[in-house]
*Asks:* 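Following this message is one structure expressed as C-alpha cells.
Computation of the quantities below employed the complete heavy-atom set of this structure, encompassing side-chain atoms and omitting hydrogens, waters and symmetry-equivalent molecules. Everything numeric in this text was worked out from a predicted model, so none of it was measured.
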Amino acid sequence: YIWPMEVNLSAHAVAVGAEVAVAEMLRNGVTTFADNYFFMDDVAHVVERTGVRANLCWAHFSSQGDEGLRTSVDFAERWHGKADGRIHTSIAPHAPYTVTDEHLRAGADEARRLGVKVHVHAAEDIVQTNVSLRDRGQTPIEVLDATGVLDAGAIIAHGNGIIDRDIPLLAAHRDRVGVTHGPKGYLKFALGPITPIKALTDAGVPVGYCTDGAASNNSLDILESMRIGAIYQKQVNDDATFFRSVDALRLAGPASAAVLGQAGDIGELREGALADVVLVDVSGLHCQPLHDLAAALVYSVQPGDVQTVVVDGRVVMRDRELLTIDEAALRTEFRAVAQHITTPVLIAGAGPVGLLVALQLARFGVGCTVVEAEPGFENEVAAFNLFAYLSRSDVTWNPSVVSQCKDSLFCPTTEEYILPIIHGNDRVEWFIQLSDEITWEVEDRDTGAVRSRVTMRAGDVCAMPADIRHQGYSPKRSMLL
C-alpha cells in the first residue's frame, strides 16, 4: 500500500513530510527521533531548522550496488555532529534480506570508522526469521553477528522475530546494540509473536519505543505506543504485575536513549545531561484522581496534555504553540504535496495492462482514467477475468464505466498481494506473489500472434520498476519483466 504512493515522492515531498512529522512529534512530547529513509539531506535541514534532535540515516539496498552504500556513508559522514550536535547519524543497510553479506560487512566497517551505529531492519517478524533459517541456516540476528554489524553497534528494528538462540548474541553486545518496539503497528498487522521485551531486558539488551512512521502506525503518537506496549506486555507474559508503569517510562527515556547510543546524555533529568525537557499537564479530568504519577503518564496522559518542549536548552514549543514551525503554512503546503502524490492517473493505450493497473490503483484510492487507442474491450475483459481469477472473487464488470473506475468498479481484496505499477509508456513491472501458476498471453488484434506472455509461478515475487529500484527497493525472489 505504501509503494504506489512512495514512487512519486520527491526530495521536497520528503522534506515537507518530515516537517509535519517533527511538528506532530513535538506535540507528543518527543525530543529525539531516529529516521531511516531517503533524501536525508533534506530531512537533516528540517531537523537543523526546527531545533529537534535526531539520529538520521540514508537507507541503502544491494540492488543499488556499491553506490547505495556510498550514499549512506557519505551522508553519515557529512551530517554527524551537525546542528550543534543535535544530529547523530548511522549507516543504514535496509535489511539482511535486501543487503548482501558483503555490503553488511562493509557498512559495519564504515560505522566503526565513523564512530556511528548501523540502523537495520532485522527479524521484523517470525516469518522473516523462519525464511532466513530455511534459506541460509541462520537467523537474521546471526547474520548481523557474522557480518560484524552487532560488533559495530546496531539499532535493530523491530525484532518481532528474535528467537531464544538470538538472545545470547544480542546480550554479548548489549553495550552497543538495542531494539526498537512499535506495538501498535504489529498488532494492527496481526504480527506475532512481537518483540520479546522480557527476554531482551532480562539479558540487559535495551529496548526503546518507535512508531515505524505514520504510513503503518497512522500517527506518531509515542504516548500511545508506550500505553499499548505496557498493556500488551502484561497480556503476553500472563502477568498483570509485569511491566509496571515505571518500566514503561524507563523504555521511553533511558532505554530509548541507550538504543540510540546516547545513554546518560538524553532520556533522563540529571545534572550533566543535555537539557531536553517535556512539561506535561496532569490536571485534566482524565488524569484524576492522581494517585500515581507514573501510571497517569503511561495510561492517562494524552498528546494534548504536553504543554512545553525544550530541546538542548531551547524552547521549541511553549503552551502548545510551536515556535520553530509555521504550522498553518506547513499544513497548506503538505496538503498540496499529498494531493500531487495522489493525483488521478491517465493510462493511455495500455490495453489490458492499463485496466489492471487502474483496478489496483483504485484499491489504493487513486482515481484512474483509461483511454483505449483502439475500439473494443476484448483484451480488457481478459485482463479483468485475470484480476477476478487472482482475487478468487466473483466479479462483474461493465466496460462502459471504465473511465470512472475509482467510483464505479468494485475492486475486491485479494488473497495474494498484487501491486501493479505504471512504468514508462506501455510497460508494467509487477510486485506480485501467487499461490498458483498462471500464464497470461496478449494477442495482437490484427494478426492473432502472441504479442507478450508472462508466466507467474507459485511464490513468485517480481522486480520493482527501475525508478523505485533507484530509490533502493530490490526484488525479493524471482524477476518477471
*Asks:* Could you list all the salt bridge (charged side-chain N to carboxylate O under 4.0 Å, His left out) pairs where at least one residue sits in residues 33-62, not counting sequence neighbours?
*Replies:*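 Those involving residues 33-62 are Glu19-Arg49, Asp41-Arg78, Arg53-Asp276, Arg53-Asp312.
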*Asks:* Can you find a heavy atom in the side chain of Pro140 that is under 4.5 Å from one in the side chain of Thr129?
*Replies:* yes
*Asks:* Please report the interatomic distance CG(Leu133) to CD1(Ile126), rounded to the nearest 0.5 Å.
*Replies:* 8.0 Å
*Asks:* Indicate the ring-plane relationship of Phe75 and Trp79, choosing parallel, tilted or perpendicular according to the 30° and 60° boundaries.
*Replies:*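 Answer is tilted, since the angle falls between 30° and 60°.
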*Asks:* Just to verify, what does His173 make a side chain to side chain contact (heavy atoms under 4.5 Å, CB included) with, not counting sequence neighbours?
*Replies:* Asp145, Leu150, Asp151, Arg176, Val177
*Asks:* Dump the intermediate steps for salt bridge (Lys or Arg N to Asp or Glu O under 4.0 Å) on Asp101 and Arg136, then the final yes or no.
*Replies:* CA-CA 12 Å; Asp101 288 2; Arg136 52 188 304 170; 2.6 Å; yes
*Asks:* Between Asp326 and Arg331, is there a salt bridge with N-O shorter than 4.0 Å?
*Replies:* no
*Asks:* Verify whether one side chain among Lys184 and Asn218 offers a donor that lies under 3.5 Å from an acceptor in the other.
*Replies:* no
*Asks:* CE/Met226 to CG/Leu297 distance, rounded to the nearest 0.5 angstrom?
*Replies:*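 Those atoms lie 6.5 Å apart.
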*Asks:* How would you list, by chain and number, every residue that makes a side chain to side chain contact (heavy atoms under 4.5 Å, CB included) with Asn36, sequence neighbours excluded?
*Replies:* Cys57, Ala59, Ala92, His119, His121
*Asks:* Check whether any side-chain heavy atom of Asp166 lies under 4.5 Å from a side-chain heavy atom of Glu142, and answer yes or no.
*Replies:*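 Contact flag for Asp166/Glu142 side chains = yes.
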*Asks:* Side chains of Ser90 and Asn55: any donor to acceptor distance under 3.5 Å?
*Replies:*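 Side chains of Asn55 and Ser90: pair found under 3.5 Å.
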*Asks:* Checking Glu333 against His12 for the side-chain hydrogen bond (donor to acceptor under 3.5 Å, both in side chains) test, could you report, in this order, the C-alpha distance in whole Å, the side-chain angles of both residues, the deciding distance, and whether it holds?
*Replies:* CA-CA 10 Å; Glu333 187 172 15; His12 173 68; 3.1 Å; yes
*Asks:* Applying side chain to side chain contact (heavy atoms under 4.5 Å, CB included), can you list everything that pairs with Ala258, at least two apart in sequence or on another chain?
*Replies:*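 Checked Ala258 against side chain to side chain contact (heavy atoms under 4.5 Å, CB included); matches are Pro206, Ala263.
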*Asks:* With a sphere of 6.0 Å drawn around CG of Asp135, does it hold more than 12 non-hydrogen atoms of other residues, nucleotides or ligands?
*Replies:* yes
*Asks:* Would a 4.5 Å heavy-atom cut-off, applied to side chains only, mark Val316 and Val52 as touching?
*Replies:*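 A side-chain contact is absent here, since even the closest heavy-atom pair is not under 4.5 Å.
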*Asks:* According to the ring-ring contact (aromatic ring centres under 6.0 Å, His included) rule, which pairs have a member within residues 183-231, sequence neighbours left out?
*Replies:*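 The answer is His158-Tyr186, His181-Tyr186.
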*Asks:* Taking Arg227 first and then Glu224, would you say they form a salt bridge - that is, a charged N and a carboxylate O separated by under 4.0 Å?
*Replies:*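 No salt bridge links Arg227 with Glu224.
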*Asks:* Could you check whether any side-chain heavy atom of Val120 comes within less than 4.5 Å of a side-chain heavy atom of Pro96, counting everything from C-beta outward?
*Replies:*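 Yes. Closest side-chain heavy atoms under 4.5 Å.
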*Asks:* Does a side-chain N-to-carboxylate-O contact under 4.0 Å join Glu110 and Arg105?
*Replies:* no
*Asks:* Using ring centroids (six-membered ring only for Trp), state whether His80 and His88 fall under 6.0 Å.
*Replies:*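 Ring centroids of His88 and His80 are less than 6.0 Å from each other.
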*Asks:* Can you establish whether the number of heavy atoms outside Arg244 located under 6.0 Å from its atom CZ is more than 12?
*Replies:* no
*Asks:* Listed by chain and number, what are the ring-ring contact (aromatic ring centres under 6.0 Å, His included) partners of His286, not counting sequence neighbours?
*Replies:* none
*Asks:* If I take atom CD from residue Gln138 and atom OG1 from residue Thr147, how far apart are they, to the nearest 0.5 angstrom?
*Replies:*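 Atom-to-atom, Gln138:CD and Thr147:OG1 are 9.0 Å apart.
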*Asks:* Taking side chain to side chain contact (heavy atoms under 4.5 Å, CB included) as the criterion, tell me which of Ile91, Thr89, Asp109 meets it with Leu114.
*Replies:* Ile91
